[in-house]
Protein chains: 2
Amino acid sequence: MVETRKALKLLREQGYRITTPRRQVLGILAEAQRPLSPYEIQDMLKEKGEYLNHVTIYRVLELLCSLNLAHKVLLAGGFVICSLGESRGCHRFVVCRECGRLKEYASEALCAEETEMAEQLGFRAEQHFSEFSGVCATCQK
Amino acid sequence: MVETRKALKLLREQGYRITTPRRQVLGILAEAQRPLSPYEIQDMLKEKGEYLNHVTIYRVLELLCSLNLAHKVLLAGGFVICSLGESRGCHRFVVCRECGRLKEYASEALCAEETEMAEQLGFRAEQHFSEFSGVCATCQK
DNA sequence: GTATTAGTGCAATAATATTGCATTTGTACC
DNA sequence: GGTACAAATGCAATATTATTGCACTAATAC
Ligand SMILES: [Mn+2]
Ligand SMILES: [Mn+2]
Ligand SMILES: [Zn+2]
Ligand SMILES: [Zn+2]
């Protein structure tokens, strides 16, 4: 996981301010380690007695995603913190179709394969995001 | 593309009725060949002087997706008709981040790679859906 | 501490999605 | 072709999610 601390550092470097809402959202995502919707994030903050307007949450998430500090995971319908510090252009997820649990990983091999495929289809691949679904260890029982 | 005719046949075989709304939605998706949201589908029908309640559209799409006759393409935020007749468990998309254009394809190699990856992460892969983004031929200019 | 302006909250509105129930329509059977 | 039955649709109400403009707040630089 890109720890919260490093994420904040990166924000600074990019010229963004370190604000309470940004800390809070990053904190929640880091704890959760599963996809959360904007309103779920709001609810989890409420449980701690903290409050954020949903508009703010949307805007924070938009920023985090633009910097690849978080991702919108579409199969699971929510946002997760990026768990790969390094791999700039490659962010992949397996999502359990039962429980929604997910894992992020990166793969050179897949990138190569996809890039080739893309070319055949007339596309130039840039960022590799992929998601696919399966059944996690727990749910296989 | 799974032509509309074949899709309807499959519906019958599965015990579903061939209804006007189902024909209409399939027709629109087949023409469009790009992701359409439920409300976009409704709008396109209106232009033909046809009307469908949005609830019906949601329900039709749900059915089509459950049978893999259509897919929800998440990066592009809409539904497309499946353009691969055969490949049951493998449906992949490249989506242009500029214009939203997309192509569906299948790949044995990617499936193998992902299945292996999944196992390492404790998942059992079943259906392979993946999406990744790039820039299409047109938008590269 | 003060000035500057990025960032937040609020209120209003828009867009999208879901549910229960009455009505219609597709299909099987005659 | 007509009829019976269940599946599918439409409607109305409601819930949820997302977006916008603007006034106010607070993070940073000095
Ligand atoms: Mn990542
Ligand atoms: Mn397909
Ligand atoms: Zn699971
Ligand atoms: Zn394009």
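Lettering follows sequence order; numbering is per chain, from 1. As the structure is a computational prediction, the values presented were derived from the model and not from experiment.
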Atom CG of B/Leu52 and atom P of C/dT24: how far apart are they, to the nearest Å?
17 Å
Evaluate the side chain to side chain contact (heavy atoms under 4.5 Å, CB included) criterion for residues B/Leu29 and B/Leu61: first the C-alpha distance (whole Å), next the side-chain angles of each, then the deciding distance (0.1 Å), finally the verdict.
CA-CA 10 Å; B/Leu29 288 181; B/Leu61 289 171; 4.1 Å; yes
For B/His54 and C/dA14, give me the distance from atom NE2 to atom C1', rounded to whole Å.
14 Å
Rounded off to whole Å, could you give me the CD-to-C1' distance for the B/Glu62 and C/dT18 pair?
11 Å
Taking CD in B/Glu108 as the centre, count heavy atoms belonging to other residues, nucleotides or ligands within less than 6.0 Å. Is the count above 12?
no
By nearest-nucleotide position on DNA chain C, the 5'-leaning member of A/Thr20 and B/Tyr58 is A/Thr20
Can you measure A/Tyr39 atom OH to C/dT16 atom P for me and round it to whole angstrom units?
14 Å
Just verifying a value: how many Å separate A/Glu131 CD and A/Leu102 CG, rounded to the nearest 0.5 Å?
8.5 Å
Least distance between heavy atoms, A/His128 atom then B/Phe132 atom
ND1-CD1, 4.2 Å
Rounded distance in Å - CG (A/Leu45) to P (C/dT8)
13 Å
Output yes when a side-chain donor or acceptor of B/Arg22 lies under 3.5 Å from a complementary backbone atom of B/Arg17, and no otherwise.
yes
Nearest heavy atoms of A/Leu11 and A/Ile18, plus distance in Å
CB-CD1, 4.3 Å
Whole Å only: how far is the CG atom of B/Asn53 from the C1' atom of C/dA17?
12 Å
Taking only side-chain N and O atoms of A/Thr19, does any of them lie within less than 4.0 angstrom of OP1 or OP2 on C/dA6?
no
Between the base of C/dG9 and the side chain of A/Arg59, is one N or O donor paired with an acceptor at under 3.5 angstrom?
yes
Base, sugar-phosphate alone, or nothing: which one does A/Tyr16 contact when heavy atoms must sit under 4.0 Å apart?
sugar-phosphate
Using a 3.5 Å distance criterion without hydrogens, assess whether the side chain of A/Glu104 forms a donor-acceptor pair with backbone atoms of A/His91.
no
Just call it for B/Ser37: base, sugar-phosphate, or nothing, with non-hydrogen atoms closer than 4.0 Å on any strand.
nothing
Have a look at the helix from C/dG1-D/dC30 to C/dC30-D/dG1 and give the angle its two end axes make, five pairs each, rounded to 10 degrees.
50°
In whole Å, I'd like the distance from the CG atom of B/Leu36 to the P atom of C/dT16.
13 Å
Assert: residue with more 5' nearest nucleotide on DNA chain D, out of A/Arg12 and B/Tyr51, is B/Tyr51
Less than 4.0 Å between a side-chain N and a carboxylate O, is that true for A/Arg23 and A/Glu50?
no
Determine, for A/Arg92 against A/Glu114, whether the closest basic-nitrogen to carboxylate-oxygen distance falls under 4.0 angstrom.
yes
A/Glu62 atom CD: more than 12 heavy-atom contacts under 6.0 Å:
no
Taking CD from B/Gln14 and P from C/dT27, how many angstroms apart are they, rounded to a whole number?
15 Å
Outermost contacting nts on DNA chain D, any atom under 4.0 Å from chain A heavy atoms, listed 5' then 3', are D/dT17 to D/dT28
Base, sugar-phosphate, or nothing: which does B/Arg23 touch, judged by heavy atoms less than 4.0 Å apart?
nothing
